[in-house]
Amino acid sequence: MNEDFDTDDHEEPEPGLDELMEIAKAPWSESTERLRACVAAWHEEPETGRDLLLALSIDLDVDEEDRLSALQRLVRMDPPAVAAASWLMQQTDWGQLEGVYKGEAASIASGVIEEDLAAGLALIVANPHLDDLYRIWAGAHRVIEWTNDSFAELRTLFSDTAILVRLDEVAKLGGQDSRGVLIGHTALEWIVDDSTLPAAMRFRAADRRHIDDKRAGADAFEKLATDSTLDQDHRLRAAKELASIDPVRAAKVYPDLPENQAD
């Protein structure tokens with residue numbers, strides 16, 4: 001015996017977290033639909049929803065009204081989330097919003113307590129929905145101003161090449177906060193100085209400083225040439241790089257190397 005089935009009474013199942021994440025990140029989805037997916041994900045799993053809202057707040061494929069709405073939701077969360085949202089807004093010229101939206105974003109996402117910023121930066125570093133540029137930038141900022149530690153934490157998440165390329169991008173950002181550019185330069189210099197990092201990574205950081213600034217490159221290669229934690233071949237290589245930049249400074253470094261290794 002067949003029973004009638006009223007399709008009008010059939011309800012589609014609510015999307016699961018994976019589907020919500022897909023909708024929230026899809027640039028072809030409607031802007032408002034993406035925002036709703038972020039909010040729904042937050043109700044299901046607050047940390048995931050927060051991370052999606054952070055990414056949405058600076059996504060230029062999303063309408064300004066919806067990005068501002070995402071920011072307004074973020075600033076009602078805990079202090080680290082507020083700090084993360086504020087940092088992202090500031091580093092993107094208030095989300096590259098226009099007119100009244102930009103002014104409102106600047107008014108609600110400022111005045112973050114410095115003590116909360118380190119935790120906010122940690123949220124950005126761990127957020128898989130953000131561009132690697134912001135994650136690595138935030139990680140470098142956190143290391144330099146708070147943890148004063150190695151870049152080892154970032155190396156668990158990103159390749160050495162990705163770290164160096166992104167830090168170089170930060171160092172060259174035009175029209176941005178000079179504080180961010182300084183973070184990029186300083187981070188590369190810290191990598192050169194960090195004897196716990198692979199020599200190859202340190203040399204590549206020195207190369208990038210040289211490309212940006214001849215004197216900074218000479219400083220970087222002199223540090224490597226006189227670093228007793230490096231083997232003799234690496235020190236000689238650094239001294240030769242220094243000689244190609246500043247022969248006078250290199251002449252003062254060569255005596256520190258074995259005589260039978262010097263040219």
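The model shown is predicted, which means the values in this text are computed figures rather than measured ones.
Between Asp168 and Lys172 a salt bridge is recorded (basic side-chain N to carboxylate O distance below 4.0 Å). Ion pairing of Asp160 with Arg155 is present here, as a side-chain N (NZ or NE/NH1/NH2) and a carboxylate O approach within less than 4.0 Å. With respect to Arg50 and Asp78, no salt bridge is recorded, no charged nitrogen being found less than 4.0 Å from a carboxylate O. For the pair Arg135 and Asp132, the salt-bridge criterion is met [side-chain N within less than 4.0 Å of a carboxylate O]. For Asp227 and Arg202, the salt-bridge test passes: some basic side-chain N is under 4.0 Å from an acidic carboxylate O. Salt bridge annotation for Lys252-Glu222: absent, with no cationic side-chain nitrogen under 4.0 angstrom from a carboxylate oxygen. Salt-bridge formation is detected for the pair Glu169/Arg166: a Lys NZ or Arg NE/NH1/NH2 atom is positioned less than 4.0 Å from an Asp or Glu carboxylate oxygen. The existence of a salt bridge linking Arg249 and Asp219 is confirmed by a sub-4.0 Å separation between a basic side-chain nitrogen and an acidic carboxylate oxygen.
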Pair Asp59-Arg34, salt bridge (Lys or Arg N to Asp or Glu O under 4.0 Å): steps then yes or no: CA-CA 11 Å; Asp59 189 333; Arg34 294 179 65 185; 2.8 Å; yes

Evaluation steps, side-chain hydrogen bond (donor to acceptor under 3.5 Å, both in side chains), between Glu65 and Ser69: CA-CA 6 Å; Glu65 183 178 1; Ser69 180; over 6 Å; no

Salt bridge (Lys or Arg N to Asp or Glu O under 4.0 Å) between Arg142 and Glu153, intermediate numbers included: CA-CA 11 Å; Arg142 185 166 175 266; Glu153 178 185 37; 3.0 Å; yes

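A heavy-atom distance below 4.5 Å is not found between the side chains of His185 and Asp213. The shortest side-chain heavy-atom distance between Val192 and Phe221 does not fall under the 4.5 Å cut-off. Between Met21 and Leu17, the closest side-chain pair of non-hydrogen atoms falls below 4.5 Å. Taking the side chain as every heavy atom from C-beta outward, Ile58 and Tyr134 approach each other to under 4.5 Å.
Atoms CD and CG, from Glu45 and Leu52 in turn, are 9.5 Å apart once rounded to the nearest 0.5 Å. Phe158 CZ to Phe151 CZ: the interatomic distance, rounded to the nearest 0.5 Å, is 12.5 Å. Between the CG atom in Leu236 and the CD atom in Glu241 there is a gap of 10.5 Å [rounded to 0.5 Å].
By the 6.0 Å contact criterion, CH2 on Trp42 is open, its count of non-hydrogen atoms from other residues, nucleotides or ligands being 12 or less. More than 12 heavy-atom neighbours from other residues, nucleotides or ligands sit within 6.0 angstrom of CD on Glu44.
Arg67 forms no cation-pi arrangement with Tyr101, by the criterion of a distance under 6.0 Å to the ring centre and an angle within 45° of the ring axis.
Residues His141 and Trp146 bring no donor and acceptor atom of their side chains to less than 3.5 Å of each other. Between the side chains of Asp231 and His234, at least one donor-acceptor pair of N or O atoms lies under 3.5 Å.
When Asn127, Leu74, Leu54 are each tested for a side chain to side chain contact (heavy atoms under 4.5 Å, CB included) with Leu88, only one passes: Leu54.
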